Novice: 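Submitted below is the structure of interest, expressed as structure tokens.
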Amino acid sequence: MNQIIVLVGLTAVVGIYLATLYGKKGSSKYRLPPLVPGIPIFGNALQVPPTQQGPWAKELAEKYGEMFTVKFGGATWVFLNSSRVVTDLMEKRAAIYSSRPPAPMTQDIMSGGGRMVLMPYGERWRKTRKVMHQILSTRQKDTFSKFQDLESKHLLYDYLHNPDRWFSANGRYSNSIIMSVVFGIRSKLDDPEVTKLFETAEMFLEQQQPGANVVDGFPILARLPKALQWWRPKGERMVYKYQLDKLKERIEKGEQRECFAADFIRFNDDNYFDETSQLFVLGTLMEAGSDTTRVSIYDMIAGAATYPDWVDRARAQLDRVCGANAERLPGWSDREDLPYITAVVKEIFRWRPNLAEIGAPTSLTQDDEYEGYRFPKGTVFVWNAWAIALDPREYEEPERFYPERFLNDDLNNPLKGHWGFGPGRRVCVGWNVGESNVWIAVARLLYCFNFIEDKAHPIDTMRIPQIAKGIAPFQVKIEVRSSAHAALIERDCLDAVNAP
Ligand code: HEM
């Protein structure tokens, strides 16, 4: 019975919505890039794959050119398929291309409006971004670098002793750095709390995919009476409270170490951040800070196993600086002498942009015109990351993992030459931490381990999943380079594992 009411309600609301929509658009005041044919009501929502939309969107870019339009339910999305148009619109006109589309399910219900990544452009976003910036900016380099040093030693130890848990070790490494800075606690390998965090982050990611839930596709449904909002309990269950409660418990018992979260709660002077906002500032840091590094290391390993030629060149430089016989681990003081590793990290972010295969949607805050098109306010824009990264007009031999492409004057600007951190004002606020997390891990892993493709299970580099559900994203053989490298890890890394 309930389902029938819901269905009737849904049909009525959708009907009214479409009537209003098409009534408005009938004036043809606007002109959009070529529209990909879809079906009534749902538009293209049933064509888009539930996850990993990159290859789908790349194929459309090849067919339609620099821009195309799709409809996800009631929303109009324009895909930008070249660096040129991304720069022109999302960077040069960032003042009006930086809001987010409404997301009643993923933002309002699942996140109490508090997940920064989904916040519309405005006061709350600015305040939250400022807080995030305080903790993640280059000024905080020293705070992060000591944890990155410690945790990457633990990472090497895990690879040596549990090579079949390499993917889990990546998750622990990434999570433990951000947990140390934010909550003042470390994470263990296969820690149930880390597993829970990744599960929550992955559930959220799944819900965020275009077309994944009807209410984000038709935000007008959020106006239905609560009793008819059949999606609501699912969203409400996914709250993110455990770590905040634990932190408060530790503060009360006087057991909390100095950390960002304790300061954040203590110095919330004007009480701007209520409990839900606090929860999602901290939750966002944990999610965004863990998942991204973990997946970037997967990509390096896949790149090393499938295009091994560059590994030899990286090794030659590492061996020159740190010794060919495992004399010492690479460290922060070697950065200037290891430009090839910096180029490897940039190539990771370009090669398979599987953290945001079709970019992250922003919405336009006023009508705008560009090269003969006229976009209405509210149009959603994405940079088609997969299509751009793998376009031979943008990069020579784009499918190849080839760090040399970044050995140029922009080498030391991690944001230049690829869109891995996104464009414009919504550019990743944690890029500095993300880049350095990956740099130290990659330098040390490449120095100490070989990554060999298992011919019986070739790696499909076009399908490395971000949502891995606790299992290996692909199969690969991991071997320590030599007994001298194994001894170096034993000697230099055990203390890091045992450190409090
Ligand atoms: C390891 C590499 C990382 C990559 C490749 C990456 C990538 C991205 C991308 C593509 C976006 C969306 C940008 C846009 O909408 O234009 C983003 C946003 C964001 N990232 Fe990162 N990220 C990384 C690391 C981190 C870290 C370590 C943190 C924090 C600890 C972080 C926190 C955030 C936040 C809070 C946003 C939302 C920004 C906003 O909406 O204003 N990221 N990131």
Side-chain angles (χ1 to χ4, degrees), residues 54 80 86 89-91 94 97-101 103 107 111 114-122 124-137 140 143-144 147-148 151 170-171 173-183 197 201 205 208 260-261 280-300 345-363 380-386 388-389 414-415 418-442 466:
L80 307 178
V86 175
L89 298 180
M90 300 181 100
E91 297 239 301
Y97 280 78
S98 296
S99 198
R100 295 283 193 218
Q107 174 69 327
S111 322
R115 262 187 168 105
M116 178 183 158
V117 69
L118 300 180
M119 276 177 199
Y121 195 60
R124 188 170 182 184
W125 171 76
R126 256 189 297 274
K127 283 224 176 197
T128 312
R129 186 144 177 138
K130 196 170 156 205
V131 168
M132 298 262 184
H133 187 71
Q134 273 162 7
I135 175 175
L136 299 166
S137 74
Q140 299 295 339
T143 313
F144 278 93
F147 293 115
Q148 289 162 331
E151 298 302 350
N170 290 353
Y173 165 68
S174 331
N175 180 257
S176 202
I177 294 169
I178 198 75
M179 288 297 278
S180 301
V181 175
V182 175
F183 288 104
L197 169 83
L205 267 175
Q208 250 185 302
F260 167 76
F280 283 102
V281 166
L282 303 173
T284 298
L285 282 167
M286 285 193 291
E287 279 173 6
S290 305
D291 204 38
T292 43
T293 300
R294 166 181 75 145
V295 175
S296 301
I297 304 174
Y298 291 171
D299 284 344
M300 183 281 284
V345 174
K346 288 183 94 164
E347 180 66 338
I348 291 171
F349 295 136
R350 179 210 66 91
W351 183 56
R352 301 290 184 261
N354 47 10
L355 284 166
E357 292 191 4
I358 55 165
T362 55
S363 77
V380 177
F381 286 83
V382 279
W383 78 97
N384 194 344
W386 200 265
I388 297 172
L415 299 179
H418 64 89
W419 298 105
F421 292 110
R425 294 196 189 166
R426 299 305 285 244
V427 67
C428 172
V429 65
W431 62 266
N432 167 55
V433 172
E435 196 274 346
S436 45
N437 278 353
V438 178
W439 193 93
I440 192 82
V442 161
Q466 182 185 9

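In this text the structure is predicted, and so the values were computed from the model without any measurement. Below, all heavy atoms of this structure are taken into account, side chains as well, without hydrogens, waters or symmetry copies. As the structure lists them, so they are numbered: ligands from 1, and atoms in each ligand from 1.
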Novice: If we set the cut-off at 4.0 Å for heavy atoms, which region of Leu355 has an atom near ligand 1: side chain, backbone, both, or neither?
Specialist: side chain

Novice: Name the closest protein heavy atom to atom 32 (C) of ligand 1, giving the residue it belongs to and the distance to 0.1 Å.
Specialist: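 Among all protein heavy atoms, the one nearest atom 32 (C) of ligand 1 is Ala288 CB, 3.3 Å.
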
Novice: Only heavy atoms count here, so choose which of Gly430, Pro414, Cys428 is nearest to atom 8 (C) of ligand 1.
Specialist: Cys428

Novice: Apply the test side chain to side chain contact (heavy atoms under 4.5 Å, CB included) to residues Phe349 and Ser296: give CA-CA distance (whole Å), side-chain angles for both, the deciding distance (0.1 Å), then the verdict.
Specialist: CA-CA 7 Å; Phe349 295 136; Ser296 301; 3.5 Å; yes

Novice: Check the pair Met116 / Val429 against side chain to side chain contact (heavy atoms under 4.5 Å, CB included), numbers first and verdict last.
Specialist: CA-CA 10 Å; Met116 178 183 158; Val429 65; 4.3 Å; yes

Novice: Hey, what do you get for CG (Asn354) to OH (Tyr298), rounding to the nearest 0.5 Å?
Specialist: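 Here the interatomic distance stands at 10.0 Å.
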
Novice: Note the single closest protein heavy atom to atom 4 (C) of ligand 1, along with its residue, its atom name and the distance in Å.
Specialist: Phe421 CE2, 3.4 Å

Novice: Among all protein heavy atoms, pick out the one at the shortest distance from atom 14 (C) of ligand 1; state its residue, atom name and that distance to 0.1 Å.
Specialist: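 Its nearest protein heavy-atom neighbour is Arg426 O, 3.1 Å.
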
Novice: Measure the distances from the heavy atoms of Trp383 to every atom of ligand 1 and state whether one is below 4.0 angstrom.
Specialist: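 Yes, that is the case, since the closest heavy atom of the residue is under 4.0 Å from the ligand.
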
Novice: Is there a polar contact, in the sense of an N or O pair closer than 3.5 Å, between Asn437 and ligand 1?
Specialist: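 No, Asn437 has no N/O under 3.5 Å of an N/O on ligand 1.
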
Novice: Show which atoms of ligand 1 fall inside a sub-4.0 Å distance from at least one heavy-atom site of Ile178.
Specialist: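 Ligand 1 atoms under the 4.0 Å threshold to Ile178: 30 (C).
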
Novice: Near Arg100, which atoms of ligand 1 are under 4.0 Å from a heavy atom of that residue?
Specialist: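 Listed by number with element, the hits are 14 (C), 15 (O), 40 (O).
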
Novice: Check ligand 1 against Val429 and write out every atom of the ligand that is under 4.0 Å from a heavy-atom position of the residue.
Specialist: 33 (C), 34 (C), 35 (C)

Novice: Residue-level breakdown please: for Ala360 versus ligand 1, do any non-hydrogen atoms fall below 4.0 Å on the side chain, on the backbone, on both, or on neither?
Specialist: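 The answer is the side chain.
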
Novice: Can you find a non-hydrogen atom of Trp431 under 4.0 Å from ligand 1?
Specialist: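 Trp431: no contact with ligand 1 (<4.0 Å).
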
Novice: What part of Thr284, side chain, backbone, both or neither, has a heavy atom within less than 4.0 angstrom of ligand 1?
Specialist: side chain

Novice: So for ligand 1, is Arg129 a polar contact partner (N or O within less than 3.5 Å, distance only)?
Specialist: yes

Novice: With nothing but distance in play, are any N or O atoms of Glu435 less than 3.5 Å from an N or O of ligand 1?
Specialist: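 N/O-N/O distance under 3.5 Å: no.
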
